[in-house]
Amino acid sequence: MAILAGDALFPLGFRHIVSHTPSELVPEPRLLRVITEIARAVGSTGMAAGQFLDIEGGPNSVEFVQEKKFGEMGECSAVCGGLLAGAEDDEIARLRRYGRAVGILYQVVDDILEEKSRNAGVVDVDERNKKKGKGKSYVEVYGVEKAMEVAEELRDNAKRELDGFEKYGESALPLYSFVDYAADRGFGIGDSSS
């Protein structure tokens, strides 16, 4: 039933985009690029591939799962915003790298927070294991310290990509703010007392 529900709900997103986006605000070619981007990100080479490997598990799969499940969604969100706004190709490339970094960053931080909660006795290990597939989190594979280093590197990479948007002034500030939110929610990545 869950698979059928997903199959039924998925095309509703495309229908909503097409039927509720005013053509006088967003030209049809931009809208088609957005639909193409979403289909690519969630399809068999995107999020679905990451989800499959997360369910099946496998040696050394954590980076692939992170890239596909979380990087693809962050990338898609950032790119679609740029496409709708009429960004140039070089800006789309920057948004693609920014979104991927932020998507993975968000999940790595989630993994760190979950591990810290588990160690503090807040999260029931059996409940956590019921919700997960066979795949492991970045923290389970490499440990909290390495995950924190990776998170800081992802934060730096995302912000570096935004350096190409200085011509937009304060309009780009929410993108910077989201990077910090993704990294700092619950604790400061650079804070060793966390």
Side-chain angles (χ1 to χ4, degrees), residues 1-56 58 61-110 133 135 138 150 153-169 171-179 181-183:
M1 285 309 252
I3 292 170
L4 287 174
D7 290 346
L9 290 172
F10 185 66
L12 292 178
F14 290 128
R15 185 173 83 187
H16 184 82
I17 290 168
V18 170
S19 62
H20 289 84
T21 304
S23 58
E24 66 274 7
L25 292 179
V26 181
E28 192 174 289
R30 286 188 202 168
L31 202 56
L32 291 173
R33 286 184 70 188
V34 166
I35 290 170
T36 301
E37 186 66 28
I38 294 169
R40 181 205 58 76
V42 300
S44 62
T45 61
M47 185 188 63
Q51 187 65 38
F52 171 78
L53 198 54
D54 194 26
I55 290 168
E56 289 300 308
S61 64
V62 69
E63 285 90 358
F64 182 83
V65 170
Q66 297 274 352
E67 284 276 328
K68 294 299 179 179
K69 281 182 67 177
F70 309 110
E72 291 281 350
M73 292 296 93
E75 178 181 326
C76 180
S77 298
V79 167
C80 286
L83 290 171
L84 290 171
E88 300 292 328
D89 287 344
D90 64 317
E91 293 171 328
I92 294 295
R94 283 185 170 278
L95 287 169
R96 191 172 295 287
R97 292 185 298 266
Y98 160 83
R100 183 169 288 274
V102 173
I104 298 168
L105 168 64
Y106 199 93
Q107 186 56 41
V108 169
V109 170
D110 268 4
Y138 203 92
V150 167
E153 184 178 318
L154 288 164
R155 179 203 307 246
D156 292 344
N157 291 346
K159 286 187 173 183
R160 192 171 25 261
E161 292 303 332
L162 294 177
D163 290 344
F165 293 93
E166 58 276 324
K167 71 181 182 183
Y168 296 105
S171 297
L173 289 180
L175 296 173
Y176 284 95
S177 294
F178 188 71
V179 174
Y181 169 76

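Please read all numbers here as calculations on a predicted model, not as lab measurements. Along the sequence shown, residues carry numbers from 1.
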Please evaluate residues R100 and E72 with respect to the criterion salt bridge (charged side-chain N to carboxylate O under 4.0 Å, His left out), reporting the C-alpha separation (whole Å), side-chain torsions for both, the decisive distance (0.1 Å), and the verdict. CA-CA 6 Å; R100 183 169 288 274; E72 291 281 350; 3.1 Å; yes
Measuring from atom [atom1] of [X] to atom [atom2] of [Y], what distance do you get when rounded to the nearest 0.5 angstrom?
X	Y	atom1	atom2	answer
I17	L31	CD1	CG	7.0 Å
Q51	E56	CD	CD	11.0 Å
I35	R15	CD1	CZ	13.0 Å
E75	M47	CD	CE	13.5 Å
K159	Y98	NZ	OH	10.0 Å
L95	L175	CG	CG	7.0 Å

How far apart are the C-alpha atoms of D54 and K69, what are their side-chain angles, what is the distance that settles it, and do they pass the side-chain contact (heavy atoms from CB on, under 4.5 Å) test? CA-CA 9 Å; D54 194 26; K69 281 182 67 177; 2.7 Å; yes
May I have the step-by-step check of side-chain contact (heavy atoms from CB on, under 4.5 Å) for T21 and V34, ending in yes or no? CA-CA 11 Å; T21 304; V34 166; over 6 Å; no
Should the ring pair Y181 and Y106 be called parallel, tilted or perpendicular, given that the plane angle runs from 0 to 90° and is split at 30 and 60? tilted
What orientation do H20 and H16 show, parallel under 30°, tilted 30 to 60°, or perpendicular over 60°? parallel
How far apart are the C-alpha atoms of E91 and Y168, what are their side-chain angles, what is the distance that settles it, and do they pass the side-chain contact (heavy atoms from CB on, under 4.5 Å) test? CA-CA 12 Å; E91 293 171 328; Y168 296 105; 2.6 Å; yes
Give a yes or no answer on whether the side chain of K68 reaches the backbone of A48 with a donor-acceptor pair at less than 3.5 Å. no
Donor-acceptor pair, distance only, cut-off 3.5 Å: does the side chain of Y138 make one with the backbone of Q66? no
Flag yes if more than 12 heavy atoms outside [X] fall under 6.0 Å of its [atom1] atom; otherwise flag no.
X	atom1	answer
F64	CZ	yes
I3	CD1	no
E153	CD	no

Assess the residue pair M1 and L4 against the criterion (side-chain contact (heavy atoms from CB on, under 4.5 Å)); give the C-alpha distance rounded to whole Å, side-chain angles, the decisive distance to 0.1 Å, and a yes or no. CA-CA 5 Å; M1 285 309 252; L4 287 174; 4.2 Å; yes
Check whether any side-chain heavy atom of E37 sits under 4.5 Å from a side-chain heavy atom of R96, and report yes or no. yes
Can you name the closest pair of heavy atoms from L53 and S61 and give their distance? CD2-CB, 3.4 Å
Taking all non-hydrogen atoms of both residues, which atom of C80 and which atom of I38 are closest, and how far apart? SG-CG1, 3.9 Å
